[in-house]
Amino acid sequence: MSTLVFVEIRRLLGRRLLHWLSALVVLAWIIAGTIAFFASNFRYEEMIWIAFSLAFPLSMLAWLVGASAIGAEWHSRGITTTLTWEPRRNRVLSAKMISACVVAFAWILMLQLVFSVAMLPAGAIRGTMEGIDRAWLADQAWTFLRVGGGAALAAGLGISLATIGRNTAAAFGAGMAYLIAVEGLIRGLKPSWSGWLVGDNLALFLIGPQDVNHLDRSRLTAAALLLIYGAIMAFIALVTFRKREIA
Amino acid sequence: MRPSGLRREMNVIETRGLRKEYRRLRGRPVVALDGLDLSVDEGGVFGFLGPNGSGKTTTIRCLLGLSKPTAGTCTILGQNPATDLAKVIGSIGSLVEGPALFPNFSARHNLDLLAAMGRLPRIRVDEVLELVGLADRARDQVRSYSLGMRQRLAIAAAVLKDPKVLILDEPANGLDPAGIKEVRHLLRRLGGEGKTVLVSSHILAEVQHTCDRVAILSAGRCVVTGRVDEVLAKGGSRRIYVTVDRVGAAREALVSAGMSCSVVDGALLVDAAPEAAPHVAMLLAQEGIYPYELRPETIDLETVFLELTNAQKDAAA
């Protein structure tokens with residue numbers, strides 16, 4: 001199993017999508033850092049709030065990378081080749097899911113670190129580094145890890161949906177449609193159900209109960225609920241994958 | 001060399017009453033395999049022939065655990081592919097319905113990943129790249145390859161494990177004549193080394209030259225199987241091919257002796273068994289006609305294939 005996970009991580013890291021997205025995001029970070037440098041008196045202490053605001057788009061990127069991890073295989077029929085080397089489908093899909101989550105976690109963590117570095121000149125030279133102490137650093141690191149965790153979950157959901165739909169675009173589209181349209185509607189029409197929504201629980205997990213207080217639950221409870229959702233989707237994907245005829 | 005754990009009497013590949021139906025939203029299910037019985041014993045090259053839709057690829061998919069049979073059984077190296085394929089997958093190399101590799105990766109990267117999955121040494125990747133003639137282009141993206149080069153790469157992936165059983169679905173697709181010849185030599189060599197090679201193909205002349213045994217499928221059933229010469233003997237009408245100077249006079253002589261014959265491309269085709277050749281020669285000699293050539297008409301696999309598959313279609317109709 002560890003060999004399979006290792007191979008899948010190598011496969012994911014070799015994908016052009018990941019390279020292109022990384023290049024685009026880093027370019028965006030450099031532009032953001034440059035604008036902050038010239039156009040504001042940037043308080044580096046506020047990085048923590050920027051990290052929260054970046055969590056959703058970064059999770060969407062992780063979702064896309066996760067979905068394409070298997071979507072591309074369906075498209076290229078590489079899954080046929082994979083299964084003629086390892087016919088135990090549970091193992092194959094589990095390895096793909098684990099590797100997608102691991103890569104998404106590490107990738108998003110790295111992008112956040114790059115962003116921190118890109119914004120550093122704006123704070124250190126033009127703005128202020130006031131309030132940056134050991135406690136702030138620990139808090140920031142914990143935030144980055146949570147955003148990375150959210151991204152890993154998003155990648156897991158993406159790969160599950162792409163396994164069911166056999167398509168990256170369908171999985172990404174379905175995810176976006178659900179999070180924006182369906183959850184938005186539920187939030188508007190049935191506010192009492194918001195405790196069950198992925199978006200609200202993810203926000204609570206990332207930002208914390210003191211700032212997302214309408215759910216009245218702990219960060220741990222929100223994380224557990226999100227993990228249960230992820231496990232349910234993964235289970236459905238596994239069952240579908242086991243039964244599927246491979247062309 | 002005999003695969004470990006395989007008893008002498010056991011077939012490497014065996015299907016019994018294999019049936020596969022594909023359900024449709026509307027109408028009756030499509031029957032891809034209709035009770036296929038097939039036995040492939042160890043060693044040599046086995047040709048798997050049949051018109052489009054006859055069930056060749058479906059059989060291969062069932063053997064590789066990619067499809068689940070609706071009924072019947074199949075085994076490969078003594079294992080049921082639906083449940084126990086993992087036990088023998090290290091001894092099975094395959095190419096199913098054309099190359100299925102990552103187009104944005106190089107040939108080497110694709111093979112490296114497969115080698116890592118099979119825990120094979122990297123040197124093996126170099127060997128198979130050399131074997132299929134892609135060593136010089138190994139670092140180029142697969143998307144830049146021609147169809148023939150992709151096919152070579154897929155063959156390289158299939159032989160990477162140095163498998164005991166090699167299943168190749170239309171391996172000659174997209175290859176130029178030189179490539180086809182190379183694949184033929186490769187298959188013959190592997191078959192000669194004691195490996196079992198099952199190859200499906202539409203290029204019947206190629207199969208006739210490459211394979212020791214064949215099976216012909218039609219409408220999901222095996223209509224004939226056996227050694228190539230046995231299968232050739234089962235098909236085709238029995239005629240004698242005669243080349244003479246005076247074709248018209250020769251025809252008259254044979255017809256007046258009660259034989260049926262026709263003129264094709266300046267030669268005579270006499271409807272008679274090969275054993276009647278001396279009698280035909282005698283009849284012609286009596287008229288002062290001496291043939292340049294007198295031999296049983298050559299029946300090729302294509303003729304047998306068309307006769308048998310058309311007969312099956314007629315029977316089904």
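Here is the naming used below: chain letters follow the sequence lines, and residue numbers restart at 1 for every chain.
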Per-residue tally against chain A (heavy atom, under 4.5 Å) across B/Thr57, B/Leu64, B/Leu114 peaks at B/Leu114
Counting neighbours of [atom1] on [X] that are heavy atoms of other residues, nucleotides or ligands and sit closer than 6.0 Å, is the number greater than 12?
{"X": "B/Tyr22", "atom1": "OH", "result": "yes"}
{"X": "B/Arg24", "atom1": "CZ", "result": "yes"}
{"X": "B/Lys68", "atom1": "NZ", "result": "yes"}
{"X": "B/Arg16", "atom1": "CZ", "result": "yes"}

CZ of A/Arg88 to CG of B/Asp84, rounded to nearest 0.5 Å, is 11.0 Å
The reported gap from OG1 in A/Thr84 to CG in B/Leu66 (rounded to nearest 0.5 angstrom) is 7.0 Å
If one checks every heavy atom of B/Ala157 against chain A at 4.5 Å, the contacting part turns out to be backbone
Cut-off 4.5 Å, heavy atoms of chain A, and the answer for B/Lys20 is side chain
Exercise for the section: Just do the side-chain contact (heavy atoms from CB on, under 4.5 Å) check on B/Phe105 and A/Arg11 with the steps written out, would you? Expected result: CA-CA 9 Å; B/Phe105 288 177; A/Arg11 203 195 305 275; 3.7 Å; yes
Note: B/Ile89 and A/Trp85 closest approach over all heavy atoms is CG2-O, 3.7 Å
Heavy-atom nearest pair, B/Ala116 first then A/Arg10, reads CB-NH1, 3.9 Å
**Study point:** Verdict with supporting geometry, A/Leu4 and B/Met117, side-chain contact (heavy atoms from CB on, under 4.5 Å)
**Key:** CA-CA 6 Å; A/Leu4 265 182; B/Met117 203 184 284; 3.8 Å; yes
Heaviest contributor of heavy-atom pairs below 4.5 Å to chain B, chosen from A/Gly14, A/Gly78, A/Pro87, A/Ser76, is A/Pro87
Honestly, the part of A/Arg89 sitting under 4.5 Å from a heavy atom of chain B is side chain
Whatever's closer than 4.5 Å to a heavy atom in chain B on A/Arg16 counts as side chain
What's the verdict on side-chain contact (heavy atoms from CB on, under 4.5 Å) for B/Glu97 and A/Thr80, showing C-alpha distance, side-chain angles and the deciding distance? CA-CA 10 Å; B/Glu97 274 197 305; A/Thr80 307; over 6 Å; no
